[in-house]
Amino acid sequence: MSADAAGPEPVTVERERAVVAAVPTGLLLDGRWRDASGGARIPVEDPATGEVLTDVADATAEDARSALEAAVAAQEGWAGTAPRERGELLRRAFELTVERGEDLALLMTLEMGKPLAESRAEVTYGAEFLRWFSEEAVRAYGRWSTAPNGASRLLTMKQPVGPCYAITPWNFPLAMATRKIGPALAAGCTMVLKPAAQTPLTALAFAQVLLDAGLPDGVVQVLPTSDAGALTAPLLGDPRLRKVTFTGSTPVGRRLVAQAAENLQRVSMELGGNAPFLVFADADLEAAVDGAVLAKMRNIGEACTSANRFLVHADVAEEFSARLAERLGAMPVGRGTDPASKVGPLITREARQGVHALVGEAVSAGARVLTGGEPVAGPGAFYPPTVLTDVPHDARLRREEIFGPVAPVSTFTDDDEAVRSANDTEYGLVAYLFTRDVSRAVRVSERLQFGMVGLNQGVVSNPAAPFGGVKASGFGREGGAEGIEEYLDTKYVGLAV
Ligand code: NAP
């Protein structure tokens, strides 16, 4: 169901049920929906109410082996299709995703919790990867050159890596899938996708989009499972699988890299973050607060790009903190289907406990609470937007990903201290920086050990840009001209002349 000129339909219980009931809940395997080999099912819960929405097939190791067989069987044919044909499939998938955007957004809100407006934004963002890679499919260029001694010609070509395995997290159930499937299909690779157990519905609804767009059998399989390790072992244990692409936590990423070493499969790792948000004394403070609200509150703070440490020049820290607390404290907390809600529930009650423990430790060590700081009573895993100041430098919430709506503010007094403090983390995904001084912006950006920098802006995600990290945030890039390279190998042919 799509939005018309009168605006999106109001969300009634009947509409929620109808949208959930329309999702295929089997495994997509070799172009068909099937039950899991063991017949088991996984319940899918609404984190705002704790109620079970539905259940989906629970894939086993045997299903993983069947899925790889299908991907391997389809690989040569798919790699041999015309790039334009692959691009047009992705273009149709883009159009269908936009057309079904209201349903996909509601599904995401129901299974993951984020407010509907944010789910709609994710549909736009996720669909854009399909459009971008539909355009990139015809641009996998090679090279022709003359060997330095003139005796031969060097023909360099790009070829698909081969069957790939993609693992995605629960926090962006659509976009994390499309930014892997888009470039893989554009490059001519087949894929097995394992969505997060908590949010399989969006991935399954998107699989139906791909089928309706004309996906040939075996090109993409989708396998939700309650046992990620058991599903993964036979895939990475098979040398016919040529790549694993993962978005998720750093500990799981480390394990996957070790597993992939056995068969030397290529790896792309989009892992955790610990983003610093730097505000210099010369910053436009209003713009910095706007940016901070976005960088902290997008996805309820459950994003790898979420600002995790606010580092503010001592001269403006008090004013910045007060303005941020005012803005965050005014954000309504509620179920994501409520149009007034700006802050949905966290993914589980355990996740909320973890966030609250980080806050409690910081407060015991001397941090001051400007707003929030106590879990919201009632069903669901709600936690209010929270601003803390005077946060000690060794507080655990400055070292670990908070993954919740908590903004800890600390101060610095000069650029060297700001950069040192920002880089003082094992992670290196994204840093944000607010200043009106262009040369400071360039100098500091160059010294920040992060894969991405948001300069006077609180969001960096863009399908046309290379998204990715350094250090413990992983390697590989998704989006931009770099995104398709992750799915291409380089071959060179030497021609004697
Ligand atoms: P997670 O526990 O690492 O889970 C991510 C995915 O890995 C899920 O599909 C999960 O399956 C699967 N998984 C877990 N253990 C596995 C194993 N032994 N073998 C194979 N797969 C396994 O991470 P999360 O807590 O759900 O997600 C949040 C993390 O993702 C954060 O650290 C965040 O920063 C990161 N993230 C990074 C980016 C980025 O682009 N850098 C973007 C978004 C999120 P189950 O669902 O069955 O556990």
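Everything quoted here is computed from the prediction, not taken from an experiment. Remember, it's 1-based here, ligands and their atoms both numbered in the order they're listed.
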Proximity winner for [atom], if only heavy atoms of [options] are counted:
atom                    : options                        : value
atom 18 (N) of ligand 1 : Arg255, Met269, Lys194, Glu302 : Arg255
atom 41 (N) of ligand 1 : Leu256, Leu271, Thr250         : Leu271
atom 35 (C) of ligand 1 : Gly248, Gly272, Ala303, Pro200 : Gly248

Between [X] and [Y], does any side-chain N to carboxylate O distance fall below 4.0 Å?
X      : Y      : value
Lys194 : Asp227 : no
Glu122 : Lys114 : yes
Asp424 : Arg398 : no
Arg131 : Glu128 : yes
Glu51  : Arg17  : no

Does atom 48 (O) of ligand 1 have any protein heavy atom closer than 4.0 Å?
no
Is there a heavy atom in Arg179 that sits closer than 4.0 Å to ligand 1?
yes
What is the nearest protein non-hydrogen atom to [atom], stated with its residue, atom name and distance?
atom                    : value
atom 16 (C) of ligand 1 : Val252 CG1, 3.6 Å
atom 3 (O) of ligand 1  : Ser249 OG, 2.6 Å
atom 13 (N) of ligand 1 : Ala228 CB, 3.7 Å
atom 42 (C) of ligand 1 : Cys304 SG, 2.9 Å

Under 4.0 Å from a heavy atom of [X]: which atoms of ligand 1 are those, numbered in the order shown and with their elements?
X      : answer
Glu270 : 37 (C), 38 (C), 39 (C), 40 (O), 41 (N)
Thr247 : 5 (C), 36 (N), 37 (C), 38 (C), 39 (C), 40 (O), 42 (C), 43 (C), 44 (C)
Ala197 : 45 (P), 46 (O), 47 (O)
Thr168 : 6 (C), 8 (C), 9 (O)
Ala196 : 9 (O), 46 (O)
Asn171 : 43 (C), 44 (C)
Ile167 : 6 (C), 7 (O), 9 (O), 12 (C), 20 (C), 21 (N)

Residue pair Phe475 / Val267, side-chain heavy-atom distance below 4.5 Å:
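When only atoms from C-beta onward are counted, Val267 and Phe475 do touch, with a gap below 4.5 Å.
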Proximity of Tyr487 and Trp78 rings by center, below 6.0 Å
no
Do Thr109 and Ser119 pair up side chain to side chain, a donor and an acceptor below 3.5 Å, judged on atom types alone?
yes
My understanding is that only residues two or more places apart in sequence, or in another chain, count here; which of them pass side chain to side chain donor-acceptor pair (under 3.5 Å) with Ser268?
Lys243, Glu486
Any cation-pi pair here, Arg179 with Phe467, using under 6.0 Å and within 45°?
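Geometry flag: set, cation within 6.0 Å and 45°.
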